[in-house]
Amino acid sequence: TGSDLGLAENIFELDPGTEGKLGEIDVEIEEVEEDPFGDDGMIINFKSNKSLASLQEIKFYDAQGAEIKSSSAGQSSYGFNQQMTYNSNFRLVGKHDNVTAKVKYFKSTKDVVVPIEREVTLGLGD
């Protein structure tokens, strides 16, 4: 769960290796590619060593300040123990050299364990 909502913005040059922040999280653009499912779009892959789960909302704006239609294009994580890498992909309509990312994020988060009771049977009778 999250609390203490914050707002932040950062301008990103859309080139692999560009570093910046999404909220309070340091990120690097790992890859920028044409959207294989769109006629005129692109996918941006942000990489971080911290989870992006504290991000509540992210919107992208072009150089003129107009909002760019965008959507999440998937997330992944890999690693072991404290050596994790997190990737978050976003699909943007249009071609852009740079964007401004405006982020709503939780400054404070904590994990909550929700107990679930489940019974699984093989369906072979009583």
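One-based numbering along the sequence shown.
Considering CG of Asn45 and OG of Ser88, their distance stands at 8.0 Å, rounded to 0.5 Å. Remark: Asn10 CG to Glu19 CD distance equals 11.0 Å, nearest 0.5 Å. Taken from CG in Asn49 to CD in Gln83, the straight-line distance is 9.0 Å, to the nearest 0.5 Å. The OH atom of Tyr105 sits 8.5 Å away from the OG atom of Ser54 when rounded to the nearest 0.5 Å. Atom NZ of residue Lys50 and atom OG1 of residue Thr85 lie 13.5 Å apart, to the nearest 0.5 angstrom. Atom-to-atom distance recorded for Phe46:CZ and Ile25:CD1 is 11.5 Å, nearest 0.5 angstrom.
Taking 4.5 Å as the limit, some side-chain heavy atom of Phe106 sits within range of a side-chain heavy atom of Gln56. When side chains are defined from C-beta on, Leu14 counts as touching Ile44, because their heavy atoms get closer than 4.5 Å. A heavy-atom distance below 4.5 Å is not found between the side chains of Met84 and Gln82. In this structure the side chain of Phe60 never reaches within 4.5 angstrom of the side chain of Thr100, judged on heavy atoms. Counting heavy atoms from C-beta on, the side chains of Met42 and Glu33 never come closer than 4.5 Å. Annotation: side chain of Glu28 is not in contact with side chain of Thr18 (no heavy-atom distance under 4.5 Å).
With Ser70 as the partner, the side-chain contact (heavy atoms from CB on, under 4.5 Å) test is satisfied by one option alone out of Ile58, Val99, Val93, Leu92: Leu92.
Of all non-hydrogen atoms in Ser72 and Phe90, the two that sit nearest each other are CA-CD2, 4.1 Å. Closest approach of Val103 to Leu22, counting heavy atoms only: CG2-CD2, 4.0 Å. Taking each heavy atom of Glu31 and Pro16 in turn, the nearest pair found is CA-CG, 4.4 Å. In plain terms, the two heavy atoms of Lys21 and Glu24 that are nearest each other are NZ-O, 3.7 Å. Looking at every heavy atom in both residues, Arg91 comes nearest to Phe37 through NH2-CD1, 3.8 Å. Among all heavy-atom pairs drawn from Leu52 and Val27, the shortest one is CD2-CG1, 4.1 Å.
Counted within 6.0 Å of NZ on Lys69, heavy atoms from surrounding residues, nucleotides or ligands total 12 or fewer; the atom is thus considered open. Residue Asp97 qualifies as open at atom CG: its count of foreign heavy atoms under 6.0 Å is 12 or below.
Remark: the Asn87 side chain and the Glu30 side chain contain an N/O donor-acceptor pair separated by less than 3.5 Å.
Judged by distance alone, the side chain of Ser48 and the main-chain N or O of Asp26 form a donor-acceptor pair under 3.5 Å.
A cation-pi arrangement is present between Lys102 and Tyr61 under the rule of less than 6.0 angstrom and at most 45 degrees off the ring axis.
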